[in-house]
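Heads up, the thing below is written out as structure tokens.
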Amino acid sequence: MTVLLIDDDHEVLDASRQTLELEGFAVEATTRPEDALDRLGPSWPGVVVTDVRMPGLDGFALLERVRAADPEVPVVLVTGHGDIAMAMRAVRGGAYDFIEKPAEPSHLVEVVRRALEHRRLVLENRSLRAQLAGGGSLEARIIGRSAAIERLRTAVAGLADAEVDVLLFGETGTGKELVARSLHDAGRRRAGNFVALNCGALPDTIIESELFGHEPGAFTGAQGRRIGKLEHADGGTLFLDEIESMPMHLQVKLLRVLQERVIERVGGNRPIPLDLRVVAATKVDLLRQAGEGKFREDLYYRLNVVTVPLPPLRERREDVPLLLRHFLDAAAARARRPAPPVDAAALARLAAHGWPGNVRELRNVAERMALGFGDGLAGGPVTGAGGGGIEPLAEQMDRIEKQLVEDALARCGGRVGETADKLGITRKTLYLKMRHHGLHRGDFTEE
């Protein structure tokens, strides 16, 4: 991502460039706005920061030319004090923001960072739309030929553009976040943010701030304003995984959000309207939880407009070969080695497996197979590096440790606390090992 900086004043240009480069931004600086136009296009990964008053092509004319090339390239106008009214008109005409001269460094950095993030999301969503129009179809994302998966794809296709909240119900590892992302990417909200929050992975003390955001001084340590997950998902989709783990007092607030589509930040009084879709996911029977007083019944019925069940892998064993090939190809590409062949005997053993960790467990099996661990279930013999060579002992031990950690997490349903207890190590040690082996903390629960 690049910041294209334009100003006919050399001193101002150099100062702004140094400010941004010290913050780690890639900057291209020029005094000639005409030089900028050749770089622009629908796939250009950057933002424009330009002075308003320049000889020849001024900031307003440049804004118009940029918007003609791509209306979603953020253009930030830098103006003198007397130009602010003019700059506001430009913002209404399509400029991303404006900064008053002389630019205060921290404010310049903040505006540029937001503009770059906006551009990144635009390009990412364009890429997703292109995938959905071609190779990114639902068949390529929700993989399988079983009747259960056909029903799931039909449900996702039918609900993608429906303006209703959705509850996903399925065991750990069945792909609930994948289905939620598919609902988002295939629907009219695809240009907005997809924001995921695991309700079981955050302590009660911070989950409210994560959801609703906070104002400066709302609590000890709240030095600045923070936009919460709900507000960040405005215009898009909020995915709430492990919804059954949400504290009861927050369930009341979430119910109000679902009913009124309005929030207030922690420590704030101003109502903020939202336009978002909520997709929640659970692995437990929420109605039974409500009967036991562990989940609010009114929230259950508000979430349960449409419930989409996700089948466990043991109920669609015919999909194992197709899924295995998909994961094997991906794992082999990451390991920069050819995907190993899978014989009929290995497929039979895999098809007969119980798959308590579902698709996530199968993905881990494919990772082990790609690294030479037999059929991936029992930790078969290592094939050796380079087709017969012997790898250093440290590398082999590191790989074996990763296999053991992945297998333990899968057998414990992704619950970190239970896994640490079973392995006889502290939760902190397990997290360090997960980080070392590239296992993302957000994929698992804190239990």
Side-chain angles (χ1 to χ4, degrees), residues 110 114 117 121 165-168 172 176-177 180-181 184 189 192-284 286 289-290 292-305 414-417 427-428 431 440-447:
E110 178 188 354
R114 282 193 286 106
E117 176 64 10
L121 290 171
D165 297 330
V166 176
L167 179 64
L168 304 178
T172 296
K176 295 188 284 292
E177 182 167 351
R181 284 185 179 275
H184 172 80
R189 293 182 175 274
N193 293 332
F194 177 87
V195 181
L197 178 69
N198 189 319
C199 300
L202 292 174
D204 292 357
T205 53
I206 67 171
I207 189 172
E208 183 172 5
S209 176
E210 283 291 316
L211 268 175
F212 294 90
H214 62 250
E215 297 288 353
F219 50 83
T220 302
Q223 298 179 353
R225 172 178 293 170
R226 176 182 172 84
I227 301 300
K229 300 291 187 183
L230 282 160
E231 197 172 345
H232 188 50
D234 188 29
T237 302
L238 177 70
F239 174 56
L240 296 174
D241 199 7
E242 306 284 352
I243 186 69
E244 71 276 5
S245 301
M246 179 173 285
M248 293 292 283
H249 72 282
L250 281 185
Q251 292 182 28
V252 179
K253 294 190 174 184
L254 178 62
L255 178 64
R256 178 172 177 263
V257 172
L258 295 177
Q259 291 173 337
E260 302 177 14
R261 284 333 199 234
V262 172
I263 65 165
E264 292 178 4
R265 299 190 190 107
V266 177
N269 297 311
R270 182 173 68 87
I272 302 170
L274 297 179
D275 172 25
L276 82 167
R277 182 189 210 178
V278 175
V279 178
T282 182
K283 61 179 182 291
V284 302
L286 290 182
Q289 294 281 98
E292 296 173 355
K294 299 177 182 178
F295 195 83
R296 289 190 63 92
E297 188 174 9
D298 48 4
L299 178 57
Y300 165 74
Y301 285 113
R302 184 61 184 81
L303 287 170
N304 192 31
V305 179
R415 293 181 290 275
V416 173
R427 187 176 303 199
K428 180 179 179 181
Y431 275 130
H440 298 293
R441 182 169 177 171
D443 292 341
F444 305 98
T445 66
E446 293 279 349
E447 300 172 30

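When all heavy atoms are compared, the tightest approach of Gly200 to Ser245 is CA-CB, 3.6 Å. Considering all non-hydrogen atoms of both residues, Glu177 and Ala196 come closest at OE2-CB, 3.9 Å. Taking all atoms of both residues into account, the shortest heavy-atom contact from Pro271 to Val262 is CB-CG1, 3.6 Å. Summarising the geometry of Cys199 relative to Met246, their closest heavy-atom pair is SG-CE, 3.8 Å, with the distance given to 0.1 Å. Closest non-hydrogen pair, Leu168 versus Lys176, comes out as CD1-O, 3.3 Å. Taking both residues in full, the closest heavy atoms of Ala281 and Leu167 are given as N-CD1, 4.3 Å, listed atom of the first, atom of the second, then distance.
Residues passing the side-chain hydrogen bond (donor to acceptor under 3.5 Å, both in side chains) test with Asp165 are Arg261, sequence neighbours excluded. By the side-chain hydrogen bond (donor to acceptor under 3.5 Å, both in side chains) test, Thr172 pairs with no residue at all, sequence neighbours left out. Under the side chain to side chain contact (heavy atoms under 4.5 Å, CB included) criterion, Val284 pairs with Glu244, Thr282, Leu286, Gln289, sequence neighbours left out. Residues that satisfy the salt bridge (Lys or Arg N to Asp or Glu O under 4.0 Å) test with Arg265, not counting sequence neighbours, are Glu215, Glu231. Listed by chain and residue number, Arg120, Leu121 satisfy the side chain to side chain contact (heavy atoms under 4.5 Å, CB included) test with Glu117 (two or more places apart in sequence, or in another chain). With sequence neighbours excluded, the residues that form a side chain to side chain contact (heavy atoms under 4.5 Å, CB included) with Ala233 are Val195, Leu238, Leu276.
Side-chain contact between Val166 and Arg277 is present, with at least one heavy-atom pair separated by less than 4.5 Å.
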> Are Leu250 and Leu254 close enough, and set up right, to give a side-chain contact (heavy atoms from CB on, under 4.5 Å), and what steps lead you there?
Replying inline: CA-CA 6 Å; Leu250 281 185; Leu254 178 62; over 6 Å; no
>> Let's go through Leu211 and Ile263 carefully: what are the C-alpha distance in whole Å and the side-chain angles of both, what is the deciding distance for side-chain contact (heavy atoms from CB on, under 4.5 Å) to 0.1 Å, and is it a yes or a no?
In response: CA-CA 10 Å; Leu211 268 175; Ile263 65 165; over 6 Å; no
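If you run side-chain contact (heavy atoms from CB on, under 4.5 Å) between Phe212 and each of Lys253, Arg226, Lys229, Glu264, only Lys253 comes through.
Taking CG of Leu299 as the reference point, atom CZ of Arg256 lies at 14.5 Å (rounded to 0.5 Å). Distance CG/Asp298 to CG/Leu255: 4.5 Å, rounded to 0.5 Å. If you take CG on Leu303 and CD on Gln251, they are separated by 9.0 Å, rounding to the nearest 0.5 Å. Atom CD1 in Ile206 sits 11.0 Å away from atom NE2 in His214 (nearest 0.5 Å). Atoms CG and CD, on Leu274 and Glu260 in that order, are 11.0 Å from each other to the nearest 0.5 Å. The line from CG of Asn198 to CD of Glu242 is 5.0 Å long, rounded to the nearest 0.5 Å.
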